[in-house]
Amino acid sequence: MLAAAAVAGFVTTASAQMAELKIMAPAAPGGGWDQTARSMQQALTQSGLVKSVQVTNVPGAGGSIGIAQFVNGAKGAGDQLMVMGYVMVGALLTNKSPVTLDQTTPIARLTGEYEAIVVPANSPIKNAKDLAAAVKADPAKVTWAGGSAGGVDHIAAALFAKAVGADPTKINYIPFSGGGESLAAILGGKVTAGIAGYGEFESQIKAGKLRLIGLTTPAGKGTAEMPSLKDQGVDLEIANWRAVVAPPGITAEQKKALSDTIDKLVKSKEWQEILQQKGWDDAYQSGDAFAKFLTDDQVRTKEVLTSVGLVKS
């Protein structure tokens, strides 16, 4: 049945347009994965690459719940994709998930994005130096709002503490399953600082409701409006990335059809316009190169998580 449904997801016209595609965002609405999935939906349909694209949200535990549902429920389905990224790599390790990324079929890395640290506009914290002083004085008193435990936001907060000479294992990090919930906590003054991709905060920063403390960009890349943490004396540089994987058990033909569709997507003007609007970097990588990157990144992430005490060696 699944194989038949998967085959039915394609049409064999000269344009090789897919008839239907289902994309899972394994998180609540509002966050980076949800934005990525809905941006793909928009670009794929507007460009005519896919006739109908359905997005579903399966939140919880940094994608651990979503990937389990995806791997177990979509096996052999060539018309389904799941958005994932650096956050999931860390969350699966932190949560000791029995389902791993090795059980999925890698398709492509799509975007890259540096992390942003923000505080409410009325916060006494004005810059990275002020935040560093607060964290160094008592890391447990500084509360951080971000994505799921073990994800890139959590890792960045721990690395910030480590960079300023505080104990990274003592940070007070509050994980949220969706960007909307995290943003509400920051705007409501329920936490000291928030951390996520810049795109999740951009509108509130521009509206004057949030103050940007710094970006995790390389030294020399910051500006007055977009300050780099490194340029402010905090040795922290980290980038998030997002990608799509297919279910296990798909055929070589199904994998090629999905890969070809994504290849056309990233080259479309509709997708390039979205990257510009969202402030996402084009980090497209596919095929064996992406599969190797995914394997290597799981090893690197485990090393980082172990070094900041989020995973036991």
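Reckoned from all heavy atoms, side chains included, excluding hydrogens, waters and symmetry mates. Sequential numbering from 1 along the given sequence is applied to the chain's residues.
Closest non-hydrogen pair, Ala116 versus Leu215, comes out as CB-CD2, 3.5 Å. Here the closest heavy-atom approach between residue Gly66 and residue Pro26 is recorded as CA-CB, 4.0 Å. Met24 approaches Val58 most closely through the heavy-atom pair CE-CG2, 3.9 Å.
Using a 4.5 Å heavy-atom threshold, the side chains of Val119 and Arg211 count as touching. With contacts defined as side-chain heavy-atom distances shorter than 4.5 Å, the pair Val99/Phe70 does not qualify. Within the 4.5 Å cutoff, side-chain heavy atoms of Leu210 are placed close to those of Leu183. Taking 4.5 Å as the limit, every side-chain heavy atom of Leu212 sits out of range of all side-chain heavy atoms of Phe201. Residues Lys255 and Ile107 have side chains in contact (heavy-atom distance under 4.5 Å, counting atoms from C-beta outward). Here the side chains of Asp281 and Trp241 are not in contact, with every heavy-atom distance at 4.5 Å or above. Met40 places a side-chain heavy atom less than 4.5 Å from the side chain of Leu81. Within the 4.5 Å cutoff, the side chain of Gln204 has no heavy atoms near those of the Val118 side chain.
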For residues 288-296, run the donor-acceptor check on the side chains, cut-off 3.5 Å, and write out each pair with its distance to 0.1 Å, sequence neighbours left out.
{"unit_1": "Lys292", "atom_1": "NZ", "unit_2": "Asp296", "atom_2": "OD2", "d": "2.7"}
{"unit_1": "Thr295", "atom_1": "OG1", "unit_2": "Ala291", "atom_2": "O", "d": "3.2"}

Please tabulate, one pair per line, all N/O donor-acceptor pairs under 3.5 Å involving side-chain atoms of residues 154-161, not counting sequence neighbours.
{"unit_1": "His154", "atom_1": "ND1", "unit_2": "Gly150", "atom_2": "N", "d": "2.9"}

Requested in this report: Determine, stepwise, if the pair Ile67 / Met84 fulfils side-chain contact (heavy atoms from CB on, under 4.5 Å).
Outcome: CA-CA 9 Å; Ile67 190 176; Met84 52 74 64; over 6 Å; no

Query raised in the report: Could you go step by step and tell me if Ile262 and Tyr284 meet the side-chain contact (heavy atoms from CB on, under 4.5 Å) rule?
Result: CA-CA 10 Å; Ile262 297 303; Tyr284 179 56; 4.3 Å; yes

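Looking only at distances, no side-chain donor or acceptor of Glu181 sits under 3.5 Å from a matching main-chain atom of Phe176. In terms of modelled atom types and a separation under 3.5 Å, the side chain of Ser228 and the main chain of Thr217 share a donor-acceptor contact.
The environment of Lys126 atom NZ is dense: over 12 non-hydrogen atoms of other residues, nucleotides or ligands sit within 6.0 angstrom.
Within the structure, every pair that satisfies the side chain to side chain donor-acceptor pair (under 3.5 Å) test and touches residues 129-152, not counting sequence neighbours, is listed here: Thr143-Thr192. Judged as a side chain to side chain donor-acceptor pair (under 3.5 Å), the pairs with a partner in residues 47-59 (not counting sequence neighbours) are, in order, Asp34-Asn57, Arg38-Asn57. Sorted by first and then second residue, the side chain to side chain donor-acceptor pair (under 3.5 Å) pairs with a member in residues 267-277 read Asp263-Lys267, Gln272-Asp282; sequence neighbours excluded.
In this structure Lys302 satisfies the side chain to side chain contact (heavy atoms under 4.5 Å, CB included) test together with Leu93, Thr306, sequence neighbours excluded.
Salt-bridge formation is not detected for the pair Glu113/Lys278: no Lys NZ or Arg NE/NH1/NH2 atom is positioned less than 4.0 Å from an Asp or Glu carboxylate oxygen.
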